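In what follows, a structure is listed as structure tokens, so that the remarks can point back to it.
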Amino acid sequence: QVQLAESGGGLVQAGGSLRLSCAASGRTFSSYAVGWFRQAPGNEREFVAAIGTSGDTTYNTDSLKGRFTISREDATNTVYLQMNSLKPGDTGVYYCAAGRYVFRLRRGDATHWGQGTQVTVSS
């Protein structure tokens, strides 16, 4: 069993930066792939980025890869999403999720989900 809790969201102007944190409880955290997702009101959940157990990373688009960076720190059971050059289109609730495989996480197939943290980017 693993429990996830997101933090670090808030209100930021376009062009600004935020760092989201996903804190996990459970001794098996290092064996999970972890991903970030986001959802705006009226929209479907969108995959953002994921990181595997060996530190390999994947991003939804080249644009996101250029602005966002996902990393993990297993010693503290934490996964981060550094977001730079934020745009109003980045606004939404950001969720952390964990699962066995990155390729399944990309499809939203996860075994554990956090409660989400709100990110709002003003123009």
Side-chain angles (χ1 to χ4, degrees):
Q1 180 77 277
V2 60
Q3 294 178 317
L4 307 175
E6 303 92 335
S7 63
L11 174 64
V12 64
Q13 290 185 320
S17 299
L18 286 173
R19 188 180 74 163
L20 305 183
S21 298
C22 175
S25 62
R27 62 184 181 275
T28 62
F29 177 74
S30 62
S31 66
Y32 287 88
V34 179
W36 286 95
F37 300 79
R38 65 188 183 186
Q39 186 171 26
N43 294 345
E44 65 182 22
R45 185 178 59 201
E46 177 187 29
F47 170 75
V48 176
I51 186 166
T53 57
S54 63
D56 52 304
T57 60
T58 184
Y59 299 84
N60 188 24
T61 65
D62 289 341
S63 177
L64 284 176
K65 184 178 181 179
R67 297 188 295 116
F68 291 10
T69 302
I70 187 171
S71 61
R72 70 186 299 159
E73 190 173 64
D74 289 340
T76 57
N77 289 342
T78 305
V79 171
Y80 302 99
L81 184 68
Q82 178 67 46
M83 306 187 295
N84 299 324
S85 301
L86 284 164
K87 305 173 181 179
D90 296 319
T91 294
V93 178
Y94 282 68
Y95 298 91
C96 178
R100 290 186 62 185
Y101 307 107
V102 168
F103 80 93
R104 291 171 64 178
L105 271 177
R106 296 186 65 175
R107 304 194 306 263
D109 184 6
T111 56
H112 302 83
W113 290 88
Q115 82 291 342
T117 184
Q118 177 71 43
V119 172
T120 303
V121 184
S122 62
S123 59

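The model shown is predicted, which means the values in this text are computed figures rather than measured ones.
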For [X] versus [Y], what's the shortest heavy-atom pair and its separation?
X	Y	result
Ala110	Leu105	CB-CD2, 3.6 Å
Leu4	Ala24	CD2-CB, 3.6 Å
Asn84	Ser17	OD1-OG, 2.9 Å
Ala33	Val102	CB-CG2, 3.8 Å
Ala14	Ser123	CB-CA, 4.4 Å

According to a 4.5 Å side-chain heavy-atom criterion applied to Ile, Leu, Val, Met, Phe, Trp and Tyr, with indirect links allowed, do [X] and [Y] form part of one hydrophobic cluster?
X	Y	result
Leu64	Val34	yes
Tyr95	Val48	no
Met83	Phe47	no
Ile51	Leu18	yes

Heavy-atom donor-acceptor pair, [X] side chain to [Y] backbone, under 3.5 Å:
X	Y	result
Gln115	Ala5	no
Gln82	Arg19	no
Thr111	Ala98	yes
Glu6	Thr117	no

State the [atom1]-[atom2] distance between [X] and [Y], to the nearest 0.5 angstrom.
X	Y	atom1	atom2	answer
Trp36	Tyr80	CH2	OH	10.5 Å
Cys22	Arg72	SG	CZ	9.5 Å
Lys87	Ser85	NZ	OG	8.0 Å
Cys96	His112	SG	NE2	11.5 Å
Thr91	Gln118	OG1	CD	7.5 Å

Exercise. Going by the angle between their ring planes, with limits at 30° and 60°, are Trp113 and Phe37 parallel, tilted or perpendicular?
Worked result: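 Taking Phe37 first and then Trp113, their aromatic rings sit tilted (interplane angle of 30° to 60°).
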Problem set entry | Member of Leu20, Leu81, Leu11 meeting the side chain to side chain contact (heavy atoms under 4.5 Å, CB included) criterion with Val119 |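 Between Val119 and the candidates, side chain to side chain contact (heavy atoms under 4.5 Å, CB included) is satisfied uniquely by Leu20.
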For this session: State which residues pass side-chain hydrogen bond (donor to acceptor under 3.5 Å, both in side chains) with Arg38; sequence neighbours excluded, sorted by chain then number.
Result: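 Arg38 satisfies side-chain hydrogen bond (donor to acceptor under 3.5 Å, both in side chains) with Glu46, Asp90, Tyr94 only.
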With a sphere of 6.0 Å drawn around [atom1] of [X], does it hold more than 12 non-hydrogen atoms of other residues, nucleotides or ligands?
X	atom1	value
Glu73	CD	yes
Asn43	CG	yes
Gln3	CD	no

